[in-house]
*Asks:* 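Could you have a look at this structure, given as structure tokens, before my questions?
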Protein chains: 2
Amino acid sequence: MPRNPTMNDVAREARVSLKTVSRHVNGETNIDPELAARIGAAIVKLGYRRNLSAASIRPGRTSKTIGLVFSDLANPYYSTLARAVESVADAAGYLLTIASSNEEGPRHDRLVDRLLEQRVDGLIVVPPRHAARDWSEVPPPIPPLVFLDRPALFSGADAVLADNAGGARDATLALSRAGARRIAFVGDSPDIHTMRERHAGYAAALAEAGMAVDDSLTITTAHTKEQAERAVGALLRDDSADAVFAANNRSTIGALLAFQQAGRRLPLVGFDDFETSLLGNPPVSVVSQDIELMGRTAAESVLGRLRGDTSPVSTRVLPTWLILRGSEKPERN
Amino acid sequence: MPRNPTMNDVAREARVSLKTVSRHVNGETNIDPELAARIGAAIVKLGYRRNLSAASIRPGRTSKTIGLVFSDLANPYYSTLARAVESVADAAGYLLTIASSNEEGPRHDRLVDRLLEQRVDGLIVVPPRHAARDWSEVPPPIPPLVFLDRPALFSGADAVLADNAGGARDATLALSRAGARRIAFVGDSPDIHTMRERHAGYAAALAEAGMAVDDSLTITTAHTKEQAERAVGALLRDDSADAVFAANNRSTIGALLAFQQAGRRLPLVGFDDFETSLLGNPPVSVVSQDIELMGRTAAESVLGRLRGDTSPVSTRVLPTWLILRGSEKPERN
DNA sequence: TTGTAGGCGTTATCAC
DNA sequence: GTGATAACGCCTACAA
């Protein structure tokens with residue numbers, strides 16, 4: 001395998017100085033057309049390709065890369081976020097380096113460190129449920145940093161979140177308006193910020209509707225759709241609930257599987273829309289968040305800082321909206 | 001914002017030479033414990049962080065990054081692939097830089113060039129349907145390169161694919177065995193390699209079952225689930241087909257939407273499993289491919305080459321398997 | 001318009 | 001064991 005040709009090789013081949021090649025490569029115009037032609041020919045002949053890594057170590061130059069760390073790239077929620085970030089970054093000439101923390105605090109920290117060592121220009125992070133490190137202990141300089149889908153864990157960082165509590169409240173109220181009196185909350189661990197917020201919204205809605213929170217109707221162990229299916233199956237068997245608020249995608253699907261298994265269903269509203277939500281019978285009502293907008297907003301925030309935006313850090317809470325498709329109503333008999 | 005501290009700063013602070021700091025940072029052992037302690041303290045005090053970009057320009061050193069270019073990170077198929085690649089890469093200490101080509105040839109090429117300029121150590125690509133550039137014209141050195149989900153477009157590269165034709169054949173034969181005689185093919189453009197292969201498998205199965213390919217039953221315009229829904233809706237209305245082979249995920253979901261709309265269904269087998277396939281009534285039969293295995297295989301192939309594997313380039317075709325859940329059978333009346 | 005000198009942060013060589 | 005010194009590939013002053 002041949003060595004990568006360098007600017008020096010090109011300069012020698014074109015019989016000009018290194019600097020002139022540099023000018024040519026960087027698109028500067030003040031070059032004698034004749035030399036420019038020789039340089040162009042040499043570049044083609046040698047197959048010269050810039051070494052952006054080398055260029056980026058000069059002061060003022062950067063890698064034009066931003067880093068994104070979240071729990072799991074295979075989760076459609078995060079891959080949608082990542083895609084939105086990528087679109088905005090790409091339009092500004094930035095590459096995107098993505099790393100999955102697996103929701104493990106130490107792993108998350110290692111990945112962040114690695115990206116900082118790689119000298120990414122900006123960083124977007126979704127911290128794991130048990131954040132290990134205090135950001136205020138990370139030595140400066142820290143590149144522009146945005147917390148996504150989580151509140152900022154660092155005073156110098158922006159944050160972009162959805163209105164998880166509001167969305168959960170809307171969903172719960174919709175079930176209540178449809179006549180439910182014993183609404184179950186099915187979701188993942190309250191260690192997760194979004195889950196805490198959604199449960200708070202659920203509780204607020206119950207209070208507004210004059211109902212008390214019944215702890216036996218709060219399920220926070222639905223880490224997979226199978227676990228959600230078992231939990232909702234139990235609710236069906238002992239007839240303890242008359243409606244289900246599924247606080248995430250996996251819970252919604254688990255509930256639907258339990259309904260299918262039992263041959264009967266409860267009124268249901270889920271958090272987050274999904275591709276086949278229209279295929280349910282009835283179609284599944286959901287609280288939807290604009291995931292792409294969240295990703296774009298986070299990316300624009302980072303890029304804005306890179307362009308010199310020095311406005312005070314802010315936390316942007318994006319709205320959710322309720323899409324009622326029928327599943328919030330009781331089964332007709 | 002403070003400047004990033006350098007090894008020189010650490011050396012000065014610890015009153016040792018640059019090289020000794022380098023030794024310390026790189027975990028070499030032949031250092032006086034006293035100096036090591038001073039260096040460690042200086043690193044903490046100054047908040048020193050290695051600059052891997054700078055390190056990577058030394059000959060023999062690399063960025064420990066691999067690049068992945070495909071059409072769309074938001075597509076669950078690709079994000080699953082990406083996650084598998086990331087897992088393997090991460091375990092070997094490599095970061096992953098991901099770029100979406102949007103199925104546009106020139107864009108794909110630009111992204112590849114950018115990654116080469118960034119000096120990624122390896123490259124995994126899913127070329128777009130209209131590949132613009134001839135890889136044999138890309139000047140060497142080219143880092144280890146693997147084509148994923150597509151045959152190799154470059155003689156020096158490995159490839160990892162699923163048995164698209166075999167899977168499509170199995171699906172079509174299953175429909176035929178269940179009694180179908182006019183099986184429609186619903187999919188995306190034959191410009192896409194996987195679609196071509198799947199149609200070939202479909203045609204082979206028809207031939208084996210003694211049926212002819214009826215072009216009016218081949219739909220290759222289902223780019224979105226809505227288009228698939230319309231196409232299958234038309235098939236239902238004019239009663240031209242008695243079964244559907246949906247050649248990708250979107251087509252499967254479109255077909256299900258059309259069935260729901262029409263209030264009746266045709267026997268159906270889809271290509272690629274999906275999260276809610278069990279929720280159908282009946283549950284949806286599919287040809288499944290091990291997407292994670294594909295991603296892992298591609299990543300291991302790249303890493304193997306980086307470790308010095310010089311075995312001849314190869315194309316690995318991974319098996320698919322048919323999961324029959326009921327939807328391949330006719331509706332009972 | 002072109003070229004020389006120097007430095008970016010790191011690692012390698014090779015004396016001490 | 002330690003440290004000058006010279007690279008790596010590129011870019012910025014500053015001269016010519």
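In what follows, chains carry the letters A, B, and so on, assigned in the order in which the sequence lines appear, proteins first and then strands, with residues in each chain numbered from 1.
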*Asks:* Figure out the CG/C1' separation between A:L18 and D:dT12, and round it to whole Å.
*Replies:*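 That distance rounds to 12 Å.
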*Asks:* With a 3.5 Å cut-off and just heavy-atom distances, do the side chain of A:R23 and the base of C:dG3 make a donor-acceptor pair?
*Replies:*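 Counting by modelled atom types and ignoring angles, a donor-acceptor contact under 3.5 Å is found here.
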*Asks:* Nearest of D:dC10, C:dT10, D:dA4 to any side-chain atom of B:S17?
*Replies:*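 Nucleotide nearest to B:S17's side chain: D:dA4.
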*Asks:* Heavy atoms from C-beta onward define the side chain here; which of C:dT10, C:dT1, D:dG9 lies closest to that of A:N30?
*Replies:*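 My answer, after comparing the listed nucleotides, is C:dT1.
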*Asks:* Fit a plane to each ring of A:F147 and A:W135, take the angle between them on a 0 to 90° scale, and name the class: parallel (under 30°), tilted (30 to 60°) or perpendicular (over 60°).
*Replies:*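 Answer is perpendicular, since the angle exceeds 60°.
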*Asks:* Over how many whole Å does the gap from B:Q118 atom CD to D:dG9 atom P extend?
*Replies:*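 Rounded to whole Å, this separation is 17 Å.
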*Asks:* B:N4 CG to C:dC8 C1': how many Å, rounded?
*Replies:*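 In whole Å, C:dC8 C1' and B:N4 CG are 12 Å from each other.
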*Asks:* May I ask you to verify if any side-chain N or O of A:R61 is less than 4.0 angstrom from the OP1 or OP2 atom of D:dT12?
*Replies:*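 For D:dT12, OP1 or OP2 has a side-chain N or O of A:R61 closer than 4.0 Å.
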*Asks:* To the nearest Å, give me how far apart CZ (B:R12) and C1' (D:dA4) are.
*Replies:*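 It works out to 16 Å between those atoms.
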*Asks:* State whether B:S22 places a side-chain N or O below 4.0 Å from either non-bridging phosphate oxygen (OP1 or OP2) of C:dT11.
*Replies:*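 So the side chain of B:S22 is within the cut-off, an N or O lying under 4.0 Å from OP1 or OP2 of C:dT11.
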*Asks:* Would you give the length of the straight line joining atom CD of B:Q118 to atom OG1 of A:T65, rounded to the nearest 0.5 angstrom?
*Replies:*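 Going from CD on B:Q118 over to OG1 on A:T65, the span is 4.5 Å.
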*Asks:* When you get a sec, tell me which of D:dT2, C:dT11, D:dC11 is the closest nucleotide to the side chain of B:T20?
*Replies:*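 My answer, after comparing the listed nucleotides, is D:dT2.
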*Asks:* Hey, what's the ring geometry for B:F70 with B:Y78, parallel, tilted or perpendicular (30° and 60° as the breaks)?
*Replies:*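 Aromatic pair B:F70/B:Y78 classed tilted.
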*Asks:* Give the nucleotide from the list D:dC10, C:dT10, D:dG9 with an atom nearest to the side chain of B:I57.
*Replies:*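 Comparing D:dC10, C:dT10, D:dG9 against the side chain of B:I57, the answer is D:dG9.
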*Asks:* Does either side chain, that of B:T62 or that of B:D121, offer a donor lying less than 3.5 Å from an acceptor on the other one?
*Replies:*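 Their side chains do contain a donor-acceptor pair, which is all the 3.5 Å distance test asks for.
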*Asks:* Tell me: CG of B:N8 to C1' of C:dC8, nearest whole Å?
*Replies:*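 Going from B:N8 (CG) to C:dC8 (C1'), I get 11 Å.
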*Asks:* What's the closest nucleotide to the A:D32 side chain, out of C:dG9, C:dT2, D:dG9?
*Replies:*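 Minimum distance to the A:D32 side chain belongs to C:dT2.
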*Asks:* Heavy-atom nearest nucleotide on DNA chain D for B:K19 versus A:A54: which residue maps closer to 5'?
*Replies:*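 Its nearest nucleotide being more 5', the pick is B:K19.
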*Asks:* Given D:dG3, D:dG9, D:dC8, which nucleotide is nearest the side-chain atoms of B:R58?
*Replies:*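 The answer is D:dC8.
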*Asks:* May I ask you to say what B:V25 touches in the nucleic acid, namely base, sugar-phosphate or nothing, with a heavy-atom cut-off under 4.0 Å?
*Replies:*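 It contacts nothing in the nucleic acid.
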*Asks:* Would you mind telling me which of B:V85, B:L95, B:T97 makes a side-chain contact (heavy atoms from CB on, under 4.5 Å) with B:I66?
*Replies:*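 The residue from B:V85, B:L95, B:T97 that satisfies side-chain contact (heavy atoms from CB on, under 4.5 Å) with B:I66 turns out to be B:V85.
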*Asks:* Using whole Å, report how far CZ of A:R119 lies from C1' of C:dC8.
*Replies:*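 Taking atom C1' of C:dC8 as the reference, CZ of A:R119 is at 12 Å.
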*Asks:* Calculate the interatomic distance between A:M7 atom CE and D:dT12 atom P; express it in whole Å.
*Replies:*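 Those two atoms, CE and P, are 10 Å apart.
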*Asks:* For B:E28 and C:dT11, what is the distance between atoms CD and P respectively, to the nearest whole Å?
*Replies:*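 Distance, rounded to whole Å: 9 Å.
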*Asks:* Can you find a side chain N or O atom of B:N26 that sits less than 4.0 Å from OP1 or OP2 on C:dT11?
*Replies:*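 Yes, B:N26 has a side-chain N/O under 4.0 Å of OP1/OP2 on C:dT11.
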